[in-house]
Enquirer: 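My structure is below; once you've seen it, I'll send some questions.
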Protein chains: 2
Amino acid sequence: MPIAKTDAFGRADVALAAQFKALAHPARLAILRTLAERSTCICGDLVEVLPLAQATVSQHLRALKEAGLIQGETDGPRSCYCLNADTLRTMHKAVEALFGDVDCSCGCCG
Amino acid sequence: MPIAKTDAFGRADVALAAQFKALAHPARLAILRTLAERSTCICGDLVEVLPLAQATVSQHLRALKEAGLIQGETDGPRSCYCLNADTLRTMHKAVEALFGDVDCSCGCCG
DNA sequence: TTGTATTATCGTAAATTTACGATATACGAT
DNA sequence: ATCGTATATCGTAAATTTACGATAATACAA
């Protein structure tokens, strides 16, 4: 990416794109699903579930946290992550707005 | 990404992640919104709307097409792209399943 | 047939992502 | 105070993404 062009797009779209980017990896989807199933989770469990090294899982967790999809604190040797309901609801609405009533009637495409 | 680890994840998640990846850029979000507004579109219009070179827009269109989010044909000097309603509906359901009823009650996180 | 206009592709450079091992950090137990 | 465990961060290599200019390719018009 030569030269970040994000300035040229609206802030809302840049933010939304960043959130979608956080969903754009199967490991992170798996993390989110795991967090959704249990209402509490620690990183250690995830390392066992995912086919990835501990450092990589931690990195994915950070990505999710920076995107605001999860929240959590780590108290010494134990960390507690959980979903960020606010962000997820916001994303849900954004998807609704984008895909809500798709209906292509142009007839010119296959 | 040293060594693609996608084999280690379920096919469904790999596919879903790829679709989210297609949404993970403000230019592609803008393209989708533009396609949603008009029911028909050609690439030329997009080049004027987006702050990007023609080659880059074409590249983004290809990404969207490969992810199955849009469909279209290009007949010589004119191309017609439109949304792929099927894929968008599928994604909508996937989001529903992921975020449908988020409710963190673990009480351990801020 | 020769342009003309529009879109796709190629080649390439810079930036980012993904993955890991190694190391640091922080808490609880002994 | 030290050890053990669990998580985060650092450094780094390979792969991918993004962006562009230059170049092809395709259909229509003259």
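Everything numeric in this text was worked out from a predicted model, so none of it was measured. To find a chain, count down the sequence lines: A is the first, B the second, and so on, and within it residues start at 1.
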Enquirer: When you measure from every atom of DNA chain D, which of residues 57-64 of chain A have a heavy atom less than 4.0 Å away?
Expert: A:S58, A:R62
Enquirer: Hey, does the side-chain of A:Q54 have a donor or acceptor N/O within less than 3.5 Å of a partner on the base of D:dA6?
Expert: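 Flag unset: no donor-acceptor pair detected.
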Enquirer: Between B:L69 and B:L83, is there a side-chain heavy-atom distance shorter than 4.5 Å?
Expert: no
Enquirer: Group every Ile, Leu, Val, Met, Phe, Trp and Tyr by side-chain heavy-atom contacts under 4.5 Å, then state whether A:I42 and A:Y81 land in the same group.
Expert: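 Cluster IDs for A:I42 and A:Y81 differ.
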Enquirer: Donor-acceptor pairs are to be reported for all side-chain atoms of residues 10-26 of chain A against protein atoms at under 3.5 Å, with residues two or more places apart or in another chain.
Expert:
from, atom 1, to, atom 2, distance (Å)
A:D13, OD1, B:R33, NH2, 2.3
A:D13, OD2, B:R33, NH2, 2.5
A:H25, ND1, A:A27, N, 3.0

Enquirer: Nearest-Å distance, CD (B:E66) to P (D:dT17)?
Expert: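 The answer, rounded to whole Å, is 9 Å.
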Enquirer: Please tabulate the protein-to-nucleotide N/O contacts below 3.5 Å involving nucleotides 27-29 of chain D, giving atom names and distances.
Expert:
none

Enquirer: Applying side-chain contact (heavy atoms from CB on, under 4.5 Å), name anything that partners B:T34, two or more places apart in sequence or on another chain.
Expert: B:R38, B:C41, B:L46
Enquirer: Nearest to the side chain of B:T56 - D:dC20, D:dT7, C:dA19?
Expert: D:dC20
Enquirer: List the atom pairs, donor and acceptor, that lie under 3.5 Å between side-chain atoms in residues 47-56 of chain B and the rest of the protein, sequence neighbours left out.
Expert:
none

Enquirer: Whole-Å distance between D:dT17 P and B:L52 CG?
Expert: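 To the nearest whole Å, that distance equals 17 Å.
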Enquirer: Which atoms form the tightest heavy-atom contact between A:A67 and A:T87, and what is the distance?
Expert: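 That would be O-CG2, 4.2 Å.
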Enquirer: Less than 4.5 Å apart, any side-chain heavy atom of B:L61 and any of B:C43?
Expert: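 B:L61 reaches B:C43 side chain to side chain.
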Enquirer: With sequence neighbours left out, which residue pairs that include part of residues 79-99 of chain A fulfil the salt bridge (Lys or Arg N to Asp or Glu O under 4.0 Å) condition?
Expert: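 Found A:D86-A:R89.
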Enquirer: I need the CG-P distance between A:L46 and D:dA6, as an integer number of Å.
Expert: 14 Å
Enquirer: Looking at side-chain heavy atoms only, is the closest gap between B:I70 and B:N84 below 4.5 Å?
Expert: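 Not in contact.
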Enquirer: B:H25 NE2 to D:dT16 C1': how many Å, rounded?
Expert: 13 Å
Enquirer: Without decimals, in angstroms, what is the distance between A:E48 CD and D:dT5 P?
Expert: 14 Å
Enquirer: When you check the phosphate oxygens OP1 and OP2 of D:dT26, does a side-chain N or O of B:R78 lie under 4.0 Å from one of them?
Expert: no
Enquirer: Does a side-chain N or O of A:Y81 approach OP1 or OP2 of D:dA8 to a distance below 4.0 Å, or not?
Expert: yes
Enquirer: Looking at A:K21, I'd like to know whether one of its side-chain N or O atoms comes within less than 4.0 Å of OP1 or OP2 on C:dT17.
Expert: yes
Enquirer: Which whole-number value in Å describes the distance from B:K65 NZ to C:dT9 P?
Expert: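 Atom-to-atom, B:K65 to C:dT9, this comes out as 8 Å.
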Enquirer: Output the rounded distance in Å from CD1 (A:I31) to C1' (C:dA19).
Expert: 14 Å
